[in-house]
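Below you'll find the structure, written out as structure tokens, and then a few comments.
Whatever order the structure lists them in is the order used to number ligands and atoms, beginning at 1.
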Amino acid sequence: MALQDYKWINEPEIWKIKDDTLLVETGKNTDFWAGTWYNFYRHSGHFYGRELKGDFTYQACIEAAFSEKYDQAGLMIYLDERNWLKAGIEFNDGQPAISSVLTKDNMSDWATGIFPGFPGKFWLRISKVGNVICVKYSCDKSSWYLLRLCQLPEAESCFVGPMCCTPERSGVKVNFTLHDGKRIEAEAKVGDTLLDVVVNNDLNIEGFGACEGTLTCSTCHVIFKPEDYARLPEEPCDEECDMLDLAYGLTDTSRLGCQITLTRDMDGLEVKVPETINDARS
Ligand code: FES
């Protein structure tokens, strides 16, 4: 079955399929957990599964950028909301742990241990024989180690596929400095544009974003520090350059905020808003 035919549980805002690889940017506060110890129930993690009947073996290579406590990526076998197993690497106590969570009748358990290899790339294999589940992991795709042997309830079919969650990860912070020196710290999501950040946080920047991102006004002119400007993932397109030429106070590190899409590594970005805003439509 092609990856395109899998089904999401909690589809993330940002994802795509490239060749036979699923690329996902996790949403904040996402997790799968039921009850035990923590006394909360979360069913907000991202799971992309295909339906399988009978016995099978499913294997995948997982590559992930872990940075926050409880960041996790791996595989999941899912019968229903109350019965599932997830396995993979979870970032815990400042180090990667290889772990599995078995949830039966809406109650989770968690087994975990130190991961011995490079956590940025590893392999997982889930085998199902009857209602017995065997999970193995590998650091190099050649030596495989048992991670979990357990049972799930009998079911006619189940879903299996990649899973990822970031329970503790918060959004991205952006610091705006206004022309009078006033600083405003704003909360944003990965995938927001700087115009989204201004609108969503109701920032009082007069005239900002008058054309609502249709590249016809240049009122969203912002200035970056040279080092931040150099790290922006995309060059301005011709239309943005044309509009920038009409902005007041243009600098070598100017961009239009509606064209800057936030990525995870832009957390803490410093953005200067120039004194005079020019609406190119007037
Ligand atoms: S909001 Fe008008 S050009 Fe960006």
Side-chain angles (χ1 to χ4, degrees), residues 8 10-18 22-30 44 46 65 67-68 164 166 169-282:
W8 278 111
N10 304 318
E11 180 177 346
E13 281 186 29
I14 301 172
W15 68 279
K16 65 179 175 184
I17 292 167
K18 193 169 174 212
L22 172 68
L23 301 160
V24 182
E25 177 98 42
T26 50
K28 65 178 178 177
N29 299 330
T30 47
S44 54
H46 306 300
S67 63
E68 303 289 326
C164 51
T166 45
R169 194 179 278 205
S170 61
V172 177
K173 292 231 181 334
V174 179
N175 299 303
F176 290 86
T177 303
L178 307 187
H179 62 88
D180 58 2
K182 185 176 168 199
R183 272 170 65 86
I184 306 174
E185 186 182 90
E187 189 76 37
K189 296 196 300 282
V190 169
D192 282 349
T193 65
L194 288 179
L195 174 59
D196 294 329
V197 183
V198 170
V199 172
N200 295 342
N201 286 275
D202 213 6
L203 301 188
N204 187 15
I205 305 177
E206 201 183 336
F208 195 96
C211 80
E212 300 179 348
T214 55
L215 263 182
T216 54
C217 74
S218 80
T219 60
C220 59
H221 174 205
V222 290
I223 299 168
F224 295 101
K225 289 179 171 176
E227 59 271 29
D228 289 338
Y229 182 86
R231 285 192 295 127
L232 293 175
E234 283 168 3
E235 302 269 310
C237 63
D238 290 345
E239 291 83 357
E240 184 182 345
C241 290
D242 290 345
M243 228 6 87
L244 273 169
D245 285 340
L246 302 174
Y248 288 144
L250 189 66
T251 73
D252 289 343
T253 59
S254 290
R255 289 291 301 267
L256 293 181
C258 67
Q259 302 303 302
I260 305 297
T261 301
L262 294 171
T263 58
R264 167 67 49 202
D265 54 10
M266 288 184 190
D267 190 23
L269 185 69
E270 298 283 338
V271 177
K272 192 172 163 205
V273 181
E275 179 167 5
T276 313
I277 280 178
N278 178 38
D279 189 342
R281 301 168 306 167
S282 52

Original post:
Got an N, O or S from C211 under 2.8 Å of atom 4 (Fe) of ligand 1?
Top reply: no
Subject >> Backbone N/O of G207 and side chain of T219: donor-acceptor pair under 3.5 Å >> reply: yes
Original post:
Would you say D192's side chain and L262's backbone share a donor-acceptor pair under 3.5 angstrom?
Top reply: no
Original post:
Which of the atoms of ligand 1 are close to G213, meaning less than 4.0 Å from one of its heavy atoms?
Top reply: 1 (S)
Original post:
Which ligand 1 atoms, with their elements, are less than 4.0 angstrom from a heavy-atom of G209?
Top reply: 1 (S)
**OP:** Evaluate whether atom CG of D245 has more than 12 neighbouring non-hydrogen atoms of other residues, nucleotides or ligands under 6.0 angstrom away.
**Re:** yes
**OP:** For C220, counting its heavy atoms only, list the atoms of ligand 1 lying under 4.0 Å from any of them.
**Re:** 1 (S), 3 (S), 4 (Fe)
Original post:
Any N/O/S atom, backbone or side chain, of C217 lying under 2.8 Å from atom 2 (Fe) of ligand 1?
Top reply: yes
**OP:** If the plane angle is over 60° it's perpendicular, under 30° parallel, otherwise tilted; pick one for F224 and Y229.
**Re:** tilted
Original post:
Looking only at protein heavy atoms, which one is nearest to atom 3 (S) of ligand 1, and how far off is it?
Top reply: S218 N, 3.4 Å
**OP:** Kindly say whether P226 contributes a backbone atom to a donor-acceptor pair with the side chain of T253 at under 3.5 angstrom?
**Re:** no
